[in-house]
Amino acid sequence: MTYFIQVLLVAILYYLTDTFASFGGMVFGRYTCQRPLVGGLLVGLIFGDLQKGLELGIAFQLAYMGAFAVGGAVTIDVGVASYPIMALSIINGLDTGTALALAAPVSVLTANLVHVMRAFNTFCTSIVHKGIEHTNYRTIFMGNVILPQLFLVAKNFFVVFILLYLGVDAVDGLLAVIPENVLHALGLLGNTLPAVGMAMLLKFNISGNWMFIFFVLGFMMMSVMGMSFIAIGIVAAAIAFFYYLIEKNDQPQVAGVSAAADDDEEL
């Protein structure tokens, strides 16, 4: 597989995971394939280094686990971290901390390209309006589907092309001139991002202070007891099942059932 084909595949995957992509959308794109764990698997397969891809995918997944868009505000482009940045990290042999530190500013920068896309969609909306006025379904389809998707493909491929096809030598030169202590500091900074992502996830998922005991239990099972992810997942599923049964039994009885019970007592 040539390098250009690899870059092309990364660009296609980056496009499919975009929210604006007709073939990707929210469920298949953003909430499935855009996740760094999936991106690390696919990028690792493309570049022939599955182990490195999964290592980066796990670290990036923890770092960006709590990242989400509120309304129309997009602050972080998780897709660029899951595909172009991860591919760039594999190509240049970057360690996990440096890759995370590199992904942070790039993901914020490319997130602002959403506004460019929305501005172009405003132009496409005017084309759709003209098609509606003249009852021209071909014009409507052109302004509603064809032109926005062509612009999105060009935008995403441009990002991947700059970062990968033209950026390899640039990144190598940049890493060569950056002092080693600065790279070490970036690595340390990047290693803290998974903790930040986990903290954001806990903030939104833990509704009661007592639930924090489950996080402590999982940490003890992994760090102290040395249990595998599969074993911890089985224990977590068992706890979740028992919790479900307890919550189900605590639900109030239906009024009709209570009334029938009262009638039985009177008899």
Closest non-hydrogen atom pair, [X] against [Y]:
X: Val80; Y: Ser107; answer: CG1-CA, 3.6 Å
X: Val160; Y: Pro84; answer: CG2-CG, 3.7 Å
X: Gln61; Y: Leu37; answer: OE1-N, 3.2 Å
X: Ala87; Y: Val43; answer: CA-CG1, 3.6 Å
X: Met117; Y: Lys155; answer: CB-CE, 4.5 Å
X: Ser89; Y: Leu56; answer: CB-CD1, 3.8 Å

Taking the side chain as everything from C-beta on, heavy atoms only, tell me whether [X] gets closer than 4.5 Å to [Y].
X: Thr2; Y: Ile5; result: yes
X: His129; Y: Thr125; result: yes
X: Ile12; Y: Phe157; result: no
X: Arg35; Y: Ser82; result: no
X: Val224; Y: Phe219; result: no
X: Ile239; Y: Leu217; result: yes

If you measure from [atom1] on [X] to [atom2] on [Y], what distance do you get to the nearest 0.5 Å?
X: Leu45; Y: Gln6; atom1: CG; atom2: CD; answer: 11.5 Å
X: Ile132; Y: Thr139; atom1: CD1; atom2: OG1; answer: 10.5 Å
X: Gln34; Y: Leu13; atom1: CD; atom2: CG; answer: 12.0 Å
X: Asn121; Y: Ile127; atom1: CG; atom2: CD1; answer: 10.5 Å
X: Leu41; Y: Ile58; atom1: CG; atom2: CD1; answer: 10.5 Å
X: Met86; Y: Leu94; atom1: CE; atom2: CG; answer: 12.0 Å

In chain order, what residues pass the side chain to side chain donor-acceptor pair (under 3.5 Å) check against Asp49, with sequence neighbours excluded?
-> none
Which residues satisfy the side chain to side chain donor-acceptor pair (under 3.5 Å) test with Tyr83, sequence neighbours excluded?
-> none
Are there more than 12 heavy atoms of other residues, nucleotides or ligands under 6.0 Å from atom CE of Met220?
-> no
Please check: side-chain N/O of [X] versus main-chain N/O of [Y], any donor-acceptor pairing under 3.5 Å?
X: Asn144; Y: Ile140; result: no
X: Asp77; Y: Gly79; result: yes
X: Thr17; Y: Cys33; result: no
X: Asp95; Y: Thr98; result: yes
X: Lys52; Y: Ile91; result: no
X: Tyr3; Y: Leu164; result: yes

In chain order, what residues pass the ring pair (Phe, Tyr, Trp, His ring centres under 6.0 Å) check against Phe151, with sequence neighbours excluded?
-> Phe120
With a 4.5 Å cut-off on side-chain heavy-atom distances among I, L, V, M, F, W and Y, is there a chain of contacts connecting [X] to [Y]?
X: Val116; Y: Val159; result: yes
X: Phe161; Y: Leu16; result: yes
X: Leu8; Y: Leu42; result: yes
X: Val38; Y: Phe60; result: yes
X: Ile232; Y: Phe214; result: yes

Is it the case that Gln149 and Tyr15 place a side-chain donor and acceptor less than 3.5 Å from each other?
-> yes
